[in-house]
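Below: one structure, written as structure tokens.
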Amino acid sequence: MAHQGNSNQPRQDYLKWEDYFMGLAGLAAMRSKDPVTQVGACIVGPDNSIVSVGYNGMPNGDDKSFSWGKGFENNLENKHLFVCHAERNALNYARANSTDLKLCTMYVILYPCNECAKAIAQAGIKKVVYYSNKHEKKVETIAARRIFENLGISIEPYTTPNKIIVIDLDKINRT
Ligand SMILES: O=c1ccn([C@H]2C[C@H](O)[C@@H](COP(=O)(O)O)O2)c(=O)[nH]1
Ligand SMILES: [Zn+2]
């Protein structure tokens, strides 16, 4: 029997495309400084090329002038009025590179809010795959769903059972 390392067969447990793209969105989310909800988005071209990634963060990464709090009576102490959403950051980066997004798909960790849904629609993206819908009862999410439905933008949950993707950087040294 051939030693595994000498096999002439391709690996079978390689990362499938959907897992790769959602994994990249998850990796981008790990850059977020939001203490509660870290969101990442990955925009993918029709040829499976990575067009852009983004995550939620304060404008220009300024964490000193803005609070990451929420639930404060004074809305100006809450993060929500200030934080730039992952989807918008990914769209802005793609636009800065003049990419036509019409045939692209967006993979995103959280179901987009209404503002992101509008930006996705304006960019011409026709397919969105999301991981969590933990804010599904919020009016922003309900409005987003209406935008997607009315404009015929496909919004699908990520269904792959692969919820944990381990990145073992040192594996290369053991094989
Ligand atoms: O479409 C969206 C919606 C939300 N976000 C970001 C904005 C905030 O940083 C968090 C939400 O915080 P909660 O504590 O869960 O209210 O998610 C986003 O990037 N994209
Ligand atoms: Zn949003």
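Both ligands and their constituent atoms are indexed starting at 1 by order of listing.
- Side chain of Asn56 to main chain of Val39: a donor-acceptor pair is present (N/O by atom type, distance under 3.5 Å, no hydrogens or angles).
- From His135, atom NE2 reaches atom OG1 of Thr37 across 4.5 Å, with rounding to the nearest 0.5 Å.
- Using a distance-only test at 3.5 Å, with no hydrogens or angles considered, a donor-acceptor pair links the side chain of Gln12 to the main chain of Pro10.
- Angle SG(Cys116) to the Zn ion (ligand 2) to ND1(His85): 110° [nearest 10 degrees].
- Ring orientation note: the planes of Trp17 and Phe21 are close to parallel, at an angle under 30° on the 30°/60° scale.
- Considering only non-hydrogen protein atoms, atom 17 (O) of ligand 1 sits nearest to Val39 CG2, 3.5 Å.
- The shortest N or O to N or O distance between Tyr111 and ligand 1 is not under 3.5 Å.
- Formation of a donor-acceptor pair under 3.5 Å by the Ser32 side chain with backbone atoms of Tyr55 is not found in this model.
- Ligand 1 lies nowhere less than 4.0 angstrom from a heavy atom belonging to Arg88.
- If you check which protein heavy atom lies closest to atom 4 (C) of ligand 1, you get His85 CE1, 3.7 Å.
- Below 3.5 Å of separation, one finds no N or O of Cys116 facing any N or O of ligand 1.
- Considering OH of Tyr107 and CG of Leu24, their distance stands at 11.0 Å, rounded to 0.5 Å.
- Taking atom 10 (C) of ligand 1 as the reference point, the nearest protein heavy-atom neighbour is Asp34 OD2, 3.5 Å.
- Counting atoms of ligand 1 from 1 in the listed order, those under 4.0 Å from a heavy atom of Val36 are 14 (O).
- Donor-acceptor pairing under 3.5 Å is lacking for the side chains of Asn97 and Thr99.
- Annotation: Ala86 places an N or O atom under 3.5 Å from an N or O atom of ligand 1; distance criterion only.
- Considering both main-chain and side-chain atoms, Trp68 never comes within under 3.5 Å of ligand 1 through any nitrogen or oxygen pair.
- A donor and an acceptor atom, one from each side chain of Asn78 and Asn75, are located under 3.5 Å apart.
- What sits closest to atom 20 (N) of ligand 1 on the protein, heavy atoms only, is Glu87 OE1, 2.8 Å.
- With respect to the salt-bridge test (charged N to carboxylate O, under 4.0 angstrom), the residues Glu115 and Lys118 qualify.
- Salt-bridge annotation for Lys64 and Asp62: absent, with no side-chain N of the basic residue lying under 4.0 Å from a carboxylate O of the acidic one.
- Only the side chain of Lys138 comes within contact range of ligand 1, with a heavy atom under 4.0 Å; no backbone atom does.
- Within ligand 1, the atoms closer than 4.0 Å to a non-hydrogen atom of Val83 are 7 (C), 8 (C), 9 (O), numbered from 1 in the order shown.
- Here the heavy atom of the protein found nearest to atom 11 (C) of ligand 1 is Thr37 CB, 3.8 Å.
- Atoms of ligand 1 found under 4.0 Å from any heavy atom of Pro112, numbered from 1 in the order shown, are 1 (O).
- Of the possible polar contacts, one joining the Asn74 side chain to the Leu76 backbone as a donor-acceptor pair under 3.5 Å is found.
- The option with the heavy atom closest to atom 16 (O) of ligand 1, from among His80, Lys79, Lys33, is His80.
- Atom 6 (C) of ligand 1 has as its closest protein heavy atom Asn56 ND2, 3.6 Å.
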